[in-house]
Each structure stands twice: as structure tokens, then as C-alpha cells.
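Here is the naming used below: chain letters follow the sequence lines, and residue numbers restart at 1 for every chain. Keep in mind that this is a model prediction, so the values were computed, not measured.
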Amino acid sequence: MLKVHLPDGSIKEYSQRVRPLEIAAEIGPRLAQATVAAQVDDQILGADQPLPEDGDVRLRILTAKDPEALDVMRHSCAHVMARAVMRLFPDVQLAFGPTIENGYYYDFDLEHPISEEDFPKIEAEMARIVKEDEAFERVEMDHAEAVQFFGELRQRLKVEHLEDGLKDQRQVSFYRQGEFIDLCRGPHVPRSGLIGAFKLLSVAGAYWKGDATKQQLQRLYGTAFFSKDDLEKHLKQLEEAKRRDHRLLGRQLQLFLIDPAVGSGLVFWLPKGAVVRRELENFLYNELIKRGYQPVYTPVIGNVHLYETSGHYPYYKDVQFPPIEMADGERYLLRPMNCPHHITIYQSQPRSYRDLPLRLAEFGTVHRFEQSGELTGMTRVRGFTQDDAHIFCTEEQVADEFRGCIEMTQHVLKTLGLDEYRVRLGLRDPQETKYVGDPAVWEKAEAALIGVCSTMDLPQLKIERGEAAFYGPKADFVVTDCIGREWQLGTVQLDYNLPSPQRFGLEYIGPDNAPHQPVMIHRAPFGSFERFTGVLIEHFAGAFPLWLAPEQVRVMVVSQKAEDYGREVQRRLAAAGLRVSGDYRAEKIGAKIRDAQLELIPYMFVLGAREAAEGKVAVRDRLAGDLGAMPLEEAVDKLQAEIQNKTIRHVAK
RNA sequence: GCUAGCGUAGCUCAGCCGGUAGAGCAGCUGAUUUGUAAUCAGCAGGUCGUGGGUUCGAGUCCCUCCGCUAGCUCCA
């Protein structure tokens with residue numbers, strides 16, 4: 001006897017095996033028609049998968065209205081895509097085809113290189129399959145049978161997976177839809193007619209089982225929604241994301257430049273981009289001073305010996321620019337990180353426990369030879385400047401210092417309106433042996449970090465075992481940008497490795513007059529100015545808040561008759577510390593306004609004979625439009641207040 | 001690094017089956033002196049990413065390299 005509890009509180013009883021779809025049909029034929037999948041207790045199952053014969057289950061019939069249903073449908077759509085590809089290219093070898101955020105993909109091994117020109121053909125075939133509305137049929141068989149079965153179908157990747165990843169499974173399931181059969185855990189929609197609007201998006205290479213030493217497959221990406229409207233909305237969003245791409249805006253707004261003639265991944269900050277960076281630097285600098293950090297400056301290259309001591313060389317050799325060899329055999333490395341130089345400062349004199357914590361900060365430029373395929377605008381480059389600092393402290397101070405770092409990062413993100421982020425607390429995997437240091441110390445440090453995090457307001461704190469660096473646990477701030485992409489920006493990392501006797505052997509003299517080993521904390525709220533600015537450009541769609549705007553005000557005259565007054569106003573604005581330019585061209589005011597609007601200038605001061613006579617300025621707000629005339633002093637105060645408060649008036653969503 | 005696609009004026013793009021390069025915007029010059037998102041006219045601007053090949057002839061076809069884009073792998 002099976003008791004089925006439905007969401008409305010009603011209970012149905014069955015003495016025979018029953019499937020969710022049958023229960024839906026009992027409730028009503030329209031519900032049965034609309035059934036996409038079922039939630040049985042906490043599991044999403046196919047609507048045709050039988051329920052247990054007895055006991056109690058909670059059952060939810062999922063339709064297009066339920067968010068969980070979308071994933072099921074997309075997975076089915078991936079199958080339909082694979083089926084379509086197989087119809088067009090019968091010799092295709094199937095790999096994996098899961099759903100992902102916003103869509104799905106399927107990996108194929110196929111001679112013919114799939115290009116976008118093939119998409120319409122594939123989509124047309126998919127439409128045919130959807131229209132045929134055949135059932136997805138779940139079949140289970142035992143492992144040996146499945147190996148033989150897929151062997152006969154000559155799906156060698158499936159066989160390989162059965163014999164490798166699934167070798168411990170006694171039973172496996174597959175799904176059949178017409179002539180198409182695929183090894184698959186499911187669940188799937190009952191029939192292909194439930195698949196709504198879909199579209200193929202892109203094709204790219206992907207390694208079999210994510211292993212770069214294995215063969216490369218063709219990965220076909222697509223998306224699907226229940227309604228055409230939802231699909232359109234999603235495609236619009238992709239367009240919007242393209243529009244605010246920092247590489248595009250960076251060029252349009254003349255913020256930065258990357259010239260392949262100089263080198264890939266090497267960033268030029270143009271005057272306007274440099275203003276943004278300088279403001280960010282000033283902001284951070286003030287925060288650092290407030291928090292007891294001491295700024296230092298150190299060289300951007302160093303003797304290779306230093307990096308041999310730190311362990312970075314030759315271990316990370318393939319992501320470094322090769323050493324510079326001098327005639328006398330000396331070798332220098334373009335520094336890939338700043339810590340060894342800060343350690344050099346720590347070691348430059350004997351340290352007492354009274355000196356700790358010692359917080360050394362530097363906007364340190366580093367170089368890493370990232371693989372060519374990794375480079376992306378400002379967010380992944382080969383030369384970048386970290387807002388770096390290293391804290392040297394006692395074990396007892398770790399928790400407080402860690403808290404301070406988290407707080408500063410939170411403050412910084414909040415000031416910039418980056419409200420959507422999560423914190424990843426990376427701890428060690430106790431099963432692993434790759435970690436350095438005493439397990440007891442790790443234990444203590446991790447407990448301290450968890451303790452600190454639990455008392456703080458950290459959105460979506462996620463503890464990830466095995467995600468620690470080999471030298472210590474860490475907290476990463478993962479910020480979500482407008483496109484929904486996640487960026488690892490800020491980071492706080494504990495380090496028990498570099499201070500250890502095997503590395504630099506750092507010491508301080510404790511109250512007991514004996515030497516002790518300090519703990520190091522690496523931290524960078526932005527990560528790097530390059531990546532952070534790139535993300536900010538997209539976040540604000542190029543329209544920076546007033547305090548960051550490269551050009552804050554543009555003075556423009558209605559006709560050249562007002563030029564003298566305009567220049568006077570411009571001079572006074574500049575004297576008041578505002579970043580101002582003037583437009584005195586023989587253009588109509590409409591054209592000047594249009595240009596300033598397109599350049600995303602926050603404020604325009606429109607000046608003509610009237611303003612000149614009254615000593616006023618007509619203020620135009622980029623967002624709100626004409627604010628009318630006001631005395632110059634009043635306008636200056638208004639702008640300065642907005643700058644002072646670092647007001648974020650508008651984040652284009 | 002790998003796979004695929006792309007590379008034409010400062011920018012966005014057109015250029016058919018191979019016949020010797022075109023538009024808009026920006027720029028420059030001149031006229032216009034204008035009241036809240038584009039005034040008009042003229043001028044100038046390109047070894048078609050690089051090197052090679054096929055051809056009477058290559059922006060167009062083939063190969064090489066470089067770069068960019070998407071994804072994969074990587075990210076101290």
C-alpha cells in the first residue's frame with residue numbers, strides 16, 4: 001500500500017504500482033497533458049518512473065510553471081539535439097550532454113566540423129523531432145548488458161564511460177526516443193512535444209572527460225525555454241551583455257588599450273581609464289591607512305634564488321615569463337607575486353611580538369605568462385597590479401586579522417555597489433596529503449576562520465572542503481557581474497608555508513624570549529586593478545558614479561557668444577577640484593548634449609546669455625535631464641556632495 | 001596550449017561566380033552662431049592582419065604564421 005501526499009494536503013492510496021503521470025491523469029487530463037516531471041520527496045523524477053509500492057511519499061507534479069521543470073526539459077532538449085545531429089551525421093559518437101546554467105550542451109566526436117552554418121539544419125531537424133512528439137522511454141538494464149548493447153551500437157565513448165566512470169553500477173538506465181537511444185540517468189519529459197522554444201548558441205572544443213591529454217570533442221551549446229517569450233528575453237539579455245562588454249566600452253570610452261604589437265595581455269591605461277584607477281587607488285589607500293597598514297614599494301624583478309626559496313620557481317615555471325639571464329650568470333625573474341619582497345622587508349630586522357601584526361601593503365605589479373587562449377580583455381592579462389598586502393601575525397592574532405580583511409573587502413565591495421557576491425571558504429580535504437604544515441595548526445586555523453565567518457554577514461557563505469591552497473585555508477569573494485558571470489576578485493589567504501623553516505624561516509621573538517614562527521595572510525580586496533576595473537566597467541555599463549567618472553562635468557555654450565562666460569565657469573569648476581572639460585564648438589546645443597550623453601558624462605552645464613547675465617549655470621543631469629538654472633556655487637556643492645558620498649545613483653541593469 | 005570561427009579606413013560594416021576598394025560615423029577645411037540627444041557643404045583617409053602559393057589577374061581560392069572571439073584545459 002502506497003500513500004501519496006499531494007501539495008494541497010490530500011492523500012491518495014494505491015495498492016498497485018503507480019506512476020506520477022497516472023496520478024496526474026486522475027487529477028485531470030489537462031494536468032496530465034502539462035506534466036513535465038515529478039518531485040517525489042526531495043528528488044526530481046520522470047513522470048513515468050514508477051513510485052515505490054508501499055510507504056509514504058510526498059508528490060508534486062511539475063509543469064512548465066515550476067522552476068525545477070526547466071532543467072528537465074532542457075536535458076530532454078539536449079537529447080533531441082543529439083538525435084538531430086545523429087540524423088544528419090550518422091557516424092557521430094556521443095559523449096555527454098548535461099544541462100548548465102541557462103541551457104545545455106552536448107559533446108560529440110565527429111569528423112565533420114560543426115559550424116554555425118550547420119545550426120539551421122540541426123534546429124530544423126530538432127523542430128521536426130519536437131513536432132513528432134514521441135515519448136521518452138526509460139529503460140534499465142544491468143551493467144554487462146549495457147556494455148554489450150552500446151558496443152553493438154558502436155558508441156565507444158559510452159562503452160568507455162560504462163567501463164570506467166560507471167563500472168561500479170550494477171544497473172544503468174538509458175532513454176529511448178524513436179531511433180535514438182542514449183545512456184542517461186534522466187529524468188526526462190514524458191514526450192518531446194513538451195519542449196518549448198529552443199536555439200543553438202555556439203560550438204566549441206571540449207576535452208573528453210575534461211582531460212586535456214584526451215581527445216578533443218565538439219561541444220554544441222544550446223538553450224531552451226517553455227515559451228518563446230522567455231527565449232526572446234534571454235537572447236535580449238545576451239545582447240545587453242555584449243553591449244556592456246568592457247572590451248567594447250573600454251575602446252569606445254577610451255579607458256584602456258591592448259596593442260598586440262606590444263604584447264597580448266599587456267594593458268595600457270589611457271588617460272580616462274587612469275583616472276578611474278587613480279580614484280580606486282586613493283580610495284583603497286585611505287582605507288589601508290585607516291586600518292593600520294603600512295605602504296611599501298618594492299622591485300618588480302628579483303633574483304631567481306628568491307623564488308626558488310619561495311617554491312614558486314621552477315614549480316610554476318610554465319606560467320612565468322622566463323628568467324632574464326645576465327652575462328655573469330645571474331638570473332632575474334619578473335615577479336609573479338609580491339610576497340617574497342614583503343618577506344624581505346619583514347626579515348630586514350629582528351621582529352618582536354610587539355611589532356605584530358605587521359601589515360605591509362603595496363599596489364604591486366606582477367607578471368604571469370597566462371596561456372594565449374586564456375587572455376580576455378582586462379579580466380585575464382599577463383601583467384597586472386594587485387592591491388596586495390601581507391600581514392605577519394601571531395597564531396593568536398589570526399582570527400582578528402582575518403576578520404579585519406573580510407570587513408575591509410566587504411566595505412570596498414559595498415562602496416562600489418557590488419552587492420551580488422558570495423564567499424567561498426576553502427578548507428583542506430583531510431584525505432589529501434598535499435598540504436604543508438601541522439594538521440593540528442590547520443585544524444585550529446580552520447576552526448578560527450569558520451568561527452569568524454559565522455559571526456559576520458556573509459551572503460551565501462559556502463564551505464568547500466579541498467579548495468584550500470596547499471599552504472593554507474582561504475576565503476574568496478566571488479562577484480557576479482551583469483551577465484551572470486562570476487569573477488573571483490577579492491581573496492584572503494592564510495599561509496603557513498612561506499614563514500616555515502623549509503621556506504623563508506620567518507621568526508619573531510615572543511614574550512617568552514624564544515623565537516616563534518609568524519603566520520602570513522595574503523589579501524587583496526580587488527584582486528587586481530585590471531580585472532576589477534574590467535568588471536566595474538561592465539557593472540556600470542561604462543557610466544561610472546561621479547567620484548570615479550573620468551570627466552565629471554562638461555561645460556557647453558549655447559553659442560560662441562557665451563564662450564567667455566563658459567571658460568570662466570570651466571576655470572572655476574577646475575579650481576573647485578572637479579574634472580571638467582568645455583565644448584565651445586560651433587555646433588548646436590543639441591549636438592553637444594548628444595555627444596556628452598553618448599560619452600556618459602554625468603553632468604552638463606549649459607550656458608547661454610541668460611546664465612551669463614545671472615551668474616548661473618543650467619544643470620543637465622545625464623540621467624534626469626534638465627534640472628534648470630542655479631547659482632554656480634550651488635551646483636558645485638551638489639556635485640561635491642555626490643563625490644564625497646561616493647553616491648551610486650544608477651546601476652544599469 | 002587545444003578546437004572552431006573571424007581579421008577590409010580611427011570605429012561600425014558592405015564588397016556576388018576571382019576583373020584591380022565602397023558607405024555611415026569620427027577627422028580636417030569652410031559656411032552657420034544656434035536653448036537641452038545629430039546644421040550644411042567640401043576634402044582627406046586603405047600594400048584588404050603577415051608571408052608564400054595557384055592564376056593572365058587574388059580582398060575574394062589554397063597553405064604558413066600572427067592576432068582577436070567563443071569554449072575547453074589552466075589560474076601561486
Side-chain angles (χ1 to χ4, degrees), chain A residues 100 105 107-110 112-118 201-221 242 245 247-248 251-252 254 258-265 307 310-313 315-320 335-340 366 368-377 379-382 386 469-472 474 476 488 491 493 495 497-498 522 527 531 556-563 584-599 604-611 618-622 624-629:
Chain A
I100 48 174
Y105 66 78
D107 288 346
F108 304 103
D109 190 7
L110 180 63
H112 167 85
I114 299 174
S115 77
E116 294 196 11
E117 284 168 30
D118 297 315
L201 295 177
S202 63
V203 59
Y207 298 106
W208 170 233
K209 299 212 169 180
D211 184 341
T213 64
K214 294 203 160 109
Q215 66 194 296
Q216 196 157 31
L217 309 169
Q218 300 190 62
R219 176 169 295 179
L220 199 46
Y221 286 88
K242 251 193 212 157
D245 188 315
R247 292 165 297 192
L248 212 72
R251 187 168 52 218
Q252 272 171 14
Q254 296 173 45
I258 293 171
D259 187 343
V262 175
S264 301
Y307 302 96
S310 73
H312 292 105
Y313 192 90
Y315 190 67
Y316 291 107
K317 196 165 171 275
D318 49 336
V319 278
Q320 289 169 1
R335 70 172 169 192
M337 57 1 267
N338 306 305
C339 14
V366 300
R368 300 178 186 177
F369 195 78
E370 303 284 357
Q371 299 182 70
S372 60
E374 292 307 329
L375 303 172
T376 309
T379 54
R380 197 79 190 265
V381 293
R382 285 182 173 158
Q386 299 175 311
F470 73 91
Y471 49 79
K474 61 174 181 175
D476 290 330
Q488 198 212 294
T491 183
Q493 311 187 352
D495 190 343
N497 177 44
L498 291 180
H522 310 248
R531 177 177 290 185
M556 47 186 71
V557 289
V558 171
S559 88
Q560 288 176 319
K561 287 173 191 156
E563 180 165 347
Y584 306 106
R585 291 175 300 167
E587 288 285 352
K588 300 213 291 194
I589 195 67
K592 297 179 187 181
I593 287 170
R594 180 169 192 275
D595 288 344
Q597 288 280 150
L598 292 175
E599 286 176 60
M604 291 152 249
F605 287 2
V606 177
L607 307 178
R610 285 206 296 273
E611 288 74 18
V619 177
R620 183 186 164 95
D621 180 328
R622 187 183 71 84
D626 189 3
L627 301 182

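Residue whose closest nucleotide on RNA chain B sits further toward the 5' end, between A:E117 and A:G210: A:E117. Projected onto RNA chain B by closest heavy-atom contact, A:H312 and A:A212 fall at different nucleotides, the more 5' of which corresponds to A:A212.
Side-chain proximity of A:A618 to the nucleotides B:rG67, B:rU36, B:rU33 is greatest for B:rU36. Nearest to the side chain of A:R620, among B:rA70, B:rA76, B:rA37, sits B:rA37. The side chain of A:T376 approaches B:rA70 more closely than any other nucleotide in the set B:rA76, B:rG35, B:rA70. Candidate nucleotides B:rA37, B:rA76, B:rU32 were compared by shortest atom distance to the side chain of A:A586, and B:rU32 ranks first. The side chain of A:Q371 approaches B:rG1 more closely than any other nucleotide in the set B:rU36, B:rG1, B:rA37. Taking the side chain of A:A591 as heavy atoms from C-beta on, and the options B:rU39, B:rG35, B:rU33, the nearest nucleotide is B:rU39.
Distances shorter than 4.0 Å separate some side-chain N or O of A:S372 from OP1 or OP2 on B:rG1. OP1 or OP2 of B:rU12 has at least one side-chain nitrogen or oxygen of A:R251 nearer than 4.0 Å. Residue A:K588 places no side-chain N or O under 4.0 Å from the OP1 or OP2 atom of B:rU33. Listed pair A:R622 / B:rU36 fails the phosphate criterion, with no side-chain N or O lying under 4.0 Å from OP1 or OP2. For B:rC75, neither phosphate oxygen OP1 nor OP2 lies less than 4.0 angstrom from any side-chain nitrogen or oxygen of A:R380. Not one side-chain nitrogen or oxygen of A:S559 sits closer than 4.0 Å to the OP1 or OP2 atom of B:rG35.
A donor and an acceptor atom, one from each side chain of A:T491 and A:Q493, are located under 3.5 Å apart. Of the N and O atoms on the side chains of A:Q218 and A:D107, not one donor lies less than 3.5 Å from an acceptor on the other residue.
Within the nucleic acid shown, A:Y471 comes within 4.0 Å of sugar-phosphate atoms alone, with no base atom in reach, counting heavy atoms only. Within the nucleic acid shown, A:S264 comes within 4.0 Å of sugar-phosphate atoms alone, with no base atom in reach, counting heavy atoms only. Among the protein residues, A:R219 comes within range of the sugar-phosphate backbone only, with heavy atoms under 4.0 Å from sugar or phosphate atoms but none that close to a base. Residue-level contact check: A:A469 touches neither bases nor backbone, having no heavy atom under 4.0 Å from any strand. Within 4.0 Å of A:R368, counting heavy atoms only, lies at least one base atom of the nucleic acid. Note on A:L201: nothing from the nucleic acid sits closer than 4.0 angstrom, heavy atoms only. At a threshold of 4.0 angstrom between heavy atoms, the contacts of A:E611 include nucleobase atoms, whether or not backbone atoms are also involved. A:G590 comes within contact range of the sugar-phosphate backbone alone, with a heavy-atom separation under 4.0 Å but no base atom that close. As judged by a 4.0 angstrom heavy-atom cut-off over every strand, A:A261 is placed among residues making no nucleic acid contact. Within 4.0 Å of A:P336, counting heavy atoms only, lies at least one base atom of the nucleic acid. Residue A:G311 is out of contact with every strand shown, counting any heavy-atom pair closer than 4.0 Å. As judged by a 4.0 angstrom heavy-atom cut-off over every strand, A:E599 is placed among residues making no nucleic acid contact. A:I589 comes within 4.0 angstrom of the backbone, heavy atoms only, and of no base. Across all strands, A:Y315 comes closer than 4.0 Å to no nucleic acid atom at all (heavy-atom distances).
Other residues, nucleotides and ligands place more than 12 heavy atoms under 6.0 Å from the NZ atom of A:K209. Counting heavy atoms of neighbouring residues, nucleotides and ligands inside a 6.0 Å radius, atom CZ of A:F470 exceeds 12 of them.
For the C1' atom pair drawn from B:rA9 and B:rA21, the interatomic distance equals 11 Å after rounding to whole Å. Separation of the C1' atoms belonging to B:rU60 and B:rU55 is 13 Å when rounded to the nearest angstrom. Nucleotides B:rC16 and B:rC28 have their C1' atoms positioned 35 Å apart, rounded to a whole Å. Rounded to a whole angstrom, the distance from the P atom of B:rU20 to that of B:rC72 is 45 Å. Rounded to whole Å, the C1' atom of B:rG5 lies 25 Å from the corresponding atom of B:rG22. Only the P atoms considered, B:rA38 is 22 Å distant from B:rU32, to the nearest whole Å. Only the P atoms considered, B:rC40 is 33 Å distant from B:rG7, to the nearest whole Å. For the C1' atoms, the distance from B:rG45 to B:rU50 is 23 Å, rounded to whole Å.
If you measure from atom CD of A:Q216 to atom C1' of B:rA4, you get 9 Å, rounded to the nearest angstrom. Atom CG of A:D109 is separated from atom C1' of B:rA4 by 15 Å (rounded to the nearest Å). Rounding to whole angstrom units, CG of residue A:D259 and P of B:rG49 are separated by 17 Å. Atom OH in A:Y207 sits about 12 Å away from atom C1' in B:rA4, given to the nearest Å. Straight-line distance from the CZ atom of A:R382 to the P atom of B:rA76: 17 Å, rounded to whole Å. Distance, A:E116 CD to B:rC6 C1': 10 Å, rounded to whole Å. Here the P atom of nucleotide B:rA76 and the CD atom of A:Q386 are 11 Å apart, to the nearest Å. A:E587 has its CD atom 9 Å from the P atom of B:rG27, to the nearest Å.
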Nucleotide pairing, RNA chain B (Watson-Crick or G-U, distances under 3.5 Å), in dot-bracket with [ ] and |: (((((((..((((.....[..)))).(((((.......))))).....(.(((..]....))).))))))))....

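Between the A:Q254 side chain and the A:R251 main chain, no donor and acceptor come within less than 3.5 Å of each other. Using modelled atom types, no side-chain atom of A:R382 and backbone atom of A:G265 make a donor-acceptor pair closer than 3.5 Å. Distance alone, capped at 3.5 Å, places no donor-acceptor pair between the A:R368 side chain and the A:R335 backbone. Between the A:D595 side chain and the A:K592 main chain, no donor and acceptor come within less than 3.5 Å of each other.
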Residues A:N338, A:H522; criterion side chain to side chain donor-acceptor pair (under 3.5 Å); working and verdict: CA-CA 10 Å; A:N338 306 305; A:H522 310 248; over 6 Å; no

Verdict with supporting geometry, A:V381 and A:E370, side-chain contact (heavy atoms from CB on, under 4.5 Å): CA-CA 7 Å; A:V381 293; A:E370 303 284 357; over 6 Å; no

Intermediate values then yes/no, side-chain contact (heavy atoms from CB on, under 4.5 Å), A:F369 and A:Q320: CA-CA 5 Å; A:F369 195 78; A:Q320 289 169 1; 5.7 Å; no

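Counting all heavy atoms, side chain and backbone alike, A:V619 lies closest to A:D626 at O-OD1, 3.5 Å.
Applying the 90° cutoff around 0 to the glycosidic angle, B:rC56 is assigned anti.
Evaluation of atom-type donor-acceptor distances gives a pair under 3.5 Å for the side chain of A:Q560 against the base of B:rU33.
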